[in-house]
Amino acid sequence: MTSLLDQANNQANREAFLDRLAKKSGRSRHQLADHPFKPLNDLPEQMLADLTPTELLDAAKQNSESVNAELVVKSSAELADYLTELAHQDQAKCLLLPGLDASEWADYQLDGWAQNPGVEHVATWYPTLDRDQNEQNADQADIAIGLADYLIAATGSVTVVNRPEMGRGFNFLPTHYVALVPQSGLVRSTRQAMVNYEHRFAEGLKTSAITIISGPSNSGDIEMELVVGVHGPVQCTYVVIEDR
């Protein structure tokens with residue numbers, strides 16, 4: 001049986017709705033085919049295009065610091081020890097990990113570390129867990145270690161594809177959010193990141209949302225006093241992993 005939502009969203013109903021709006025407004029329908037989008041300039045393609053990879057990483061670091069995020073570069077061999085030390089610096093008693101299989105952790109040489117990260121309590125965001133339980137685990141986490149796809153040099157942001165093993169609350173509820181991003185994921189602009197996602201969608205990527213994270217939660221009141229952590233993590237660290 002077709003649901004009411006399906007009926008409301010079918011092509012015939014959409015066309016009838018738009019025709020009705022056009023009639024009420026007293027003008028003809030705007031057809032995209034007749035009025036294609038024409039960019040005013042090629043700024044998104046030219047942004048930071050003259051930088052070398054090293055200069056681009058420097059720009060990413062500078063812009064990350066401007067949004068109160070720390071950016072560090074580590075090799076896969078250094079990663080496990082660094083994450084353990086980071087948790088100890090935070091005096092973390094609760095660590096949150098995504099529900100990845102061993103092969104994904106092995107890509108970063110973290111399969112052994114994920115089994116024994118050296119933190120008193122380790123919670124995992126599992127698709128099989130009740131949503132409330134996953135979010136409760138995230139809310140209680142002192143530190144969360146997640147995977148990011150791209151680091152945007154121009155804005156100091158990382159992008160994350162939401163997936164069953166790492167839902168939306170994973171990024172926003174822990175006190176300290178740590179994003180692991182491969183060095184090959186360093187891009188110049190948001191536009192470049194979205195074009196990359198377009199290609200991945202064409203290859204079969206599925207997600208409910210792409211999240212762009214620009215450092216910890218920053219809020220300013222009417223007196224322009226910055227308050228960190230009101231709506232999300234108090235700390236945010238981007239770990240760029242040198243490509244092998």
Side-chain angles (χ1 to χ4, degrees), residues 5-6 9-11 14 32-33 36-39 41-49 51-53 56-57 59-60 63-64 69 71 73-76 79 96-111 113-114 124-129 131 134 138 144-172 177-214 236-244:
L5 184 60
D6 290 336
N9 285 325
N10 69 35
Q11 185 67 26
R14 288 201 299 269
L32 186 60
F37 170 71
K38 295 180 180 179
N41 55 55
D42 61 351
L43 180 61
E45 285 71 29
Q46 296 302 319
M47 183 177 292
L48 306 183
L51 300 187
T52 66
L56 195 62
L57 184 59
N63 289 326
S64 297
L71 188 154
V73 180
K74 298 292 178 183
S75 67
S76 294
L79 195 53
L96 179 67
L97 297 176
L100 309 179
D101 58 35
S103 63
E104 284 192 85
W105 286 120
D107 289 341
Y108 296 103
Q109 298 185 24
L110 290 176
D111 41 332
W113 174 87
T124 303
W125 186 293
Y126 281 123
T128 53
L129 281 182
R131 174 178 175 178
N134 274 324
I145 313 294
L147 305 185
D149 301 302
Y150 301 109
L151 168 62
I152 303 171
T155 62
S157 309
V158 293
T159 69
V160 178
V161 165
N162 291 331
R163 51 191 283 195
E165 301 84 3
M166 196 169 56
R168 301 185 191 193
F170 186 99
N171 311 313
F172 302 121
Y177 171 66
V178 180
L180 308 182
V181 55
Q183 191 168 347
S184 57
L186 176 62
V187 295
R188 295 180 285 104
S189 63
T190 304
R191 172 70 172 272
Q192 188 179 5
M194 293 305 116
V195 168
N196 290 348
Y197 277 124
E198 257 191 290
H199 295 317
R200 292 175 61 183
F201 283 132
E203 294 169 355
L205 173 67
K206 297 183 184 300
T207 183
S208 61
I210 296 171
T211 303
I212 300 177
I213 301 170
S214 298
C236 192
T237 303
Y238 309 150
V239 184
V240 176
I241 302 158
E242 295 174 330
D243 295 327
R244 297 184 294 276

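Numbering of residues begins at 1 and proceeds along the displayed sequence.
At distances below 3.5 Å, not a single donor-acceptor pair connects side-chain atoms of D111 with backbone N or O atoms of A114.
By the 4.5 Å heavy-atom criterion applied to side chains, L129 and T124 are not counted as neighbours. Put simply, the side chain of Y177 reaches to within 4.5 Å of the side chain of C236, judged on heavy atoms. At least one side-chain heavy atom of F201 sits less than 4.5 Å from a side-chain heavy atom of T207. You'll find the side chain of V195 stays beyond 4.5 Å of the side chain of V187, heavy atoms only. Counting heavy atoms from C-beta outward, W113 and L79 have side chains that stay 4.5 Å or more apart. For the pair S208 and R168, the minimum side-chain heavy-atom distance is below 4.5 Å. Counting heavy atoms from C-beta on, the side chains of E242 and S76 never come closer than 4.5 Å. Side-chain contact between L110 and I145 is absent, with no heavy atoms from C-beta onward closer than 4.5 Å.
Residues A148 and A179 come closest through the heavy atom pair CB-CB, 4.0 Å. Shortest non-hydrogen contact noted between A60 and S64 is O-OG, 2.6 Å. Y238 and G156 make their closest contact through OH-O, 2.9 Å (heavy atoms, listed as atom of the first residue, atom of the second, distance).
Here CG of L186 is found 8.5 Å from CD of Q192. Values are rounded to the nearest 0.5 Å. Of the inter-residue distances, the one linking L43 atom CG with S189 atom OG reads 8.5 Å to the nearest 0.5 angstrom. Within the model, atoms CZ of F170 and CG of N134 stand 10.0 Å from one another, a figure rounded to the nearest 0.5 Å. With values rounded to the nearest 0.5 angstrom, N63 atom CG is found 11.0 Å from I152 atom CD1. Rounding to the nearest 0.5 angstrom, the gap separating the CE atom in M166 from the CG atom in L100 is 7.0 Å. Here CZ of R188 is found 7.5 Å from CD of E45. Values are rounded to the nearest 0.5 Å.
Side-chain contact annotation: T159 with Y197, donor-acceptor N/O pair under 3.5 Å present.
If you run side chain to side chain contact (heavy atoms under 4.5 Å, CB included) between S157 and each of I212, I213, T211, only I212 comes through.
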